[in-house]
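Since we're looking at a predicted model, the values are computed, not measured. Chain naming here is simple, since letters A, B, ... match the order of the sequence lines and numbering starts at 1 in each.
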Amino acid sequence: MKLTKTFLASAFAVATFMTGGIAAAETLRIGVEGAYPPFSKKEADGSLSGFDIEIAQALCAELNRECELVEQEWDGMIPALLARKYDAIVASMSITEDRKKKVDFTEKYYDTPTRFIAKEGAAFDLTKEGTAGLKIGLLRGTTMQCYVEKHFPEADLKLYNTQEDVFADLVAGRLDMQLNNTLQALDGFLNTDQGAGFAFLGENLDDVSCLGEGTGIAVRKGDGLSAELNAAILAIRANGTYKTINDKYFEIDIYGK
Amino acid sequence: MEAEQSFWAYLSAFSETQSPLDFVLIYDNLDKFFEGALVTLQLTFLALLIGGLMAIPMALARANKISVLNPIIWVYTYAFRGTPLLVQTYLFYFGLGQFEAVRESFLWSPILSDPWWCVLIAFTLNTAAYTTEFLRGAIETTPRGEIEASVAAGMSPWLRTRLIVLPNAFRRALPAYSNEVIFTLHGSVIASTVTLQDLLGVGRWLNGRYYLAYEGFVTAMLFYMAIVFLITIAFKAAEKRFLRHLRPRVG
């Protein structure tokens with residue numbers, strides 16, 4: 001009996017150790033990006049701000065947990081979650097089948113369309129043949145990468161580490177088109193001085209298998225956190241916190257239907 | 001054929017059940033890694049070749065303290081050895097692209113708009129700076145006796161440099177140069193930050209495409225190790241040949 005107890009105790013200790021002591025630590029660590037305005041950006045003093053950041057903070061307040069925001073470049077987002085650098089990702093991550101093989105998602109917390117941007121007046125034909133050889137820039141490891149590789153396999157795809165670099169190269173003329181989230185594109189580029197002379201091209205893209213079913217919060221597989229976060233998302237939707245944050249950044253309700 | 005299939009079945013099963021790495025995915029994308037390795041090797045060795053050729057006259061100018069050139073070259077090597085290669089690459093790639101004058105110049109569309117050229121220029125200037133300085137060191141440590149003997153034999157300064165000073169300086173610099181070659185290879189990963197699909201670029205592409213943590217990096221790592229292994233062997237052989245006189249005489 002005593003032996004069983006000792007065994008259980010040490011097994012528990014090992015289990016706690018292997019989960020990185022998350023059960024013990026009250027602090028919830030949330031992975032965020034910092035170069036995707038207005039969802040996340042860095043202020044001049046180095047602090048993070050943006051829609052994702054404020055939603056993350058509101059969810060923490062709702063859950064009554066201490067939170068620590070951990071900044072991470074986009075292409076290492078899921079690997080760092082799996083490596084337990086943080087416990088949840090609030091970084092405009094679309095819910096897709098491919099990602100679900102690696103992580104669990106909450107229900108969506110917003111849903112906005114994806115669309116190309118090119119020089120004003122450019123008339124590229126958005127078909128497999130029409131995009132052959134065109135230089136299309138986008139953020140590495142995004143739903144957009146999946147979309148372009150699937151639908152426009154003959155395009156000259158250029159992958160970047162941050163969205164800001166994509167815009168810089170679009171302006172510099174190294175790219176014919178870029179692809180990303182429409183709201184991010186408006187606030188981060190088209191409505192800024194940098195985006196003068198550029199415009200959306202074609203319609204909103206439609207392909208759930210690549211682009212996903214809205215934007216959710218990713219957690220490690222089997223982590224009960226997603227249920228808690230789902231409740232928290234619904235709670236901030238109901239109590240008006242979501243609306244306050246939403247209205248600060250956008251004219252429309254980006255939660256979608 | 002049958003053995004191949006069973007090995008394949010074994011690999012698939014192993015990848016799916018036990019292994020932390022998905023070997024099937026790596027195998028399926030090996031051709032991309034070879035293409036990436038080609039980009040890496042091209043950039044590394046072109047930069048080393050051009051940078052090495054640039055370094056010879058600069059090292060001679062520094063070692064002989066040629067009046068105007070010496071301080072200019074010193075400023076150049078100091079600037080390129082004193083700043084990170086990543087910063088230099090960004091300056092050439094994103095920095096120059098900011099200026100409309102650059103974008104409208106004749107250099108833009110064939111060269112500066114292309115990440116491959118930007119990276120090659122940055123790598124070349126970087127390795128040339130390092131090579132200049134240690135080649136200068138090697139030239140300056142030429143034994144006095146060799147110089148005196150060549151003067152006594154009536155050699156002109158140019159003939160002396162060509163036949164005595166430079167060949168012996170190369171010999172002295174050879175072991176250190178293998179480090180420069182390996183560092184340049186390692187530094188070439190910076191190409192992936194400006195959209196080039198070099199070895200690391202392919203690794204990051206694979207990780208990004210399938211949301212993986214390790215597969216792309218581990219595969220790229222093995223490729224780099226293989227390349228470094230070959231470089232080390234090549235230098236061993238070169239040292240055996242060119243530094244023969246330094247080995248103890250046997251028999």
With sequence neighbours left out, what residues match Asp22(B) under side chain to side chain donor-acceptor pair (under 3.5 Å)? none
Heavy-atom neighbours of [X] [atom1] exceed 12 at 6.0 Å:
{"X": "Asp45(A)", "atom1": "CG", "result": "yes"}
{"X": "Lys221(A)", "atom1": "NZ", "result": "yes"}
{"X": "Trp117(B)", "atom1": "CH2", "result": "no"}
{"X": "Lys135(A)", "atom1": "NZ", "result": "no"}
{"X": "Glu107(A)", "atom1": "CD", "result": "no"}
{"X": "Lys85(A)", "atom1": "NZ", "result": "no"}
{"X": "Tyr214(B)", "atom1": "OH", "result": "no"}

Glu149(A) CD to Arg209(B) CZ distance, which is reported to the nearest 0.5 Å: 5.5 Å
Side chain, backbone, both or neither: which part of [X] has a heavy atom under 4.5 Å from chain B?
{"X": "Arg99(A)", "value": "both"}
{"X": "Asn161(A)", "value": "side chain"}
{"X": "Gln194(A)", "value": "neither"}

Tell me which donor-acceptor pairs under 3.5 Å the side chains of residues 150-159 of chain A have, and how far apart each pair is, sequence neighbours excluded?
{"residue": "Lys150(A)", "atom": "NZ", "partner": "Asp207(A)", "partner atom": "OD2", "Å": "3.0"}
{"residue": "Lys150(A)", "atom": "NZ", "partner": "Ser209(A)", "partner atom": "OG", "Å": "2.8"}
{"residue": "His151(A)", "atom": "NE2", "partner": "Asp207(A)", "partner atom": "OD2", "Å": "2.7"}

Applying a criterion of heavy atom separation less than 4.5 Å, what residues of residues 170-187 of chain A form contacts with chain B? Val171(A), Ala172(A), Arg174(A)
Mind checking which of residues 162-169 of chain A sit less than 4.5 Å from chain B, heavy atom to heavy atom? Asp165(A), Ala168(A), Asp169(A)
Is it the side chain or the backbone of [X] that comes within 4.5 Å of chain A heavy atoms, both, or neither?
{"X": "Leu112(B)", "result": "backbone"}
{"X": "Arg204(B)", "result": "both"}
{"X": "Phe217(B)", "result": "neither"}
{"X": "Trp108(B)", "result": "side chain"}

Could you check whether any side-chain heavy atom of Lys102(A) comes within less than 4.5 Å of a side-chain heavy atom of Tyr210(B), counting everything from C-beta outward? no
Smallest separation among heavy atoms of Trp205(B) and Arg140(A), with atom names: N-NH1, 4.2 Å
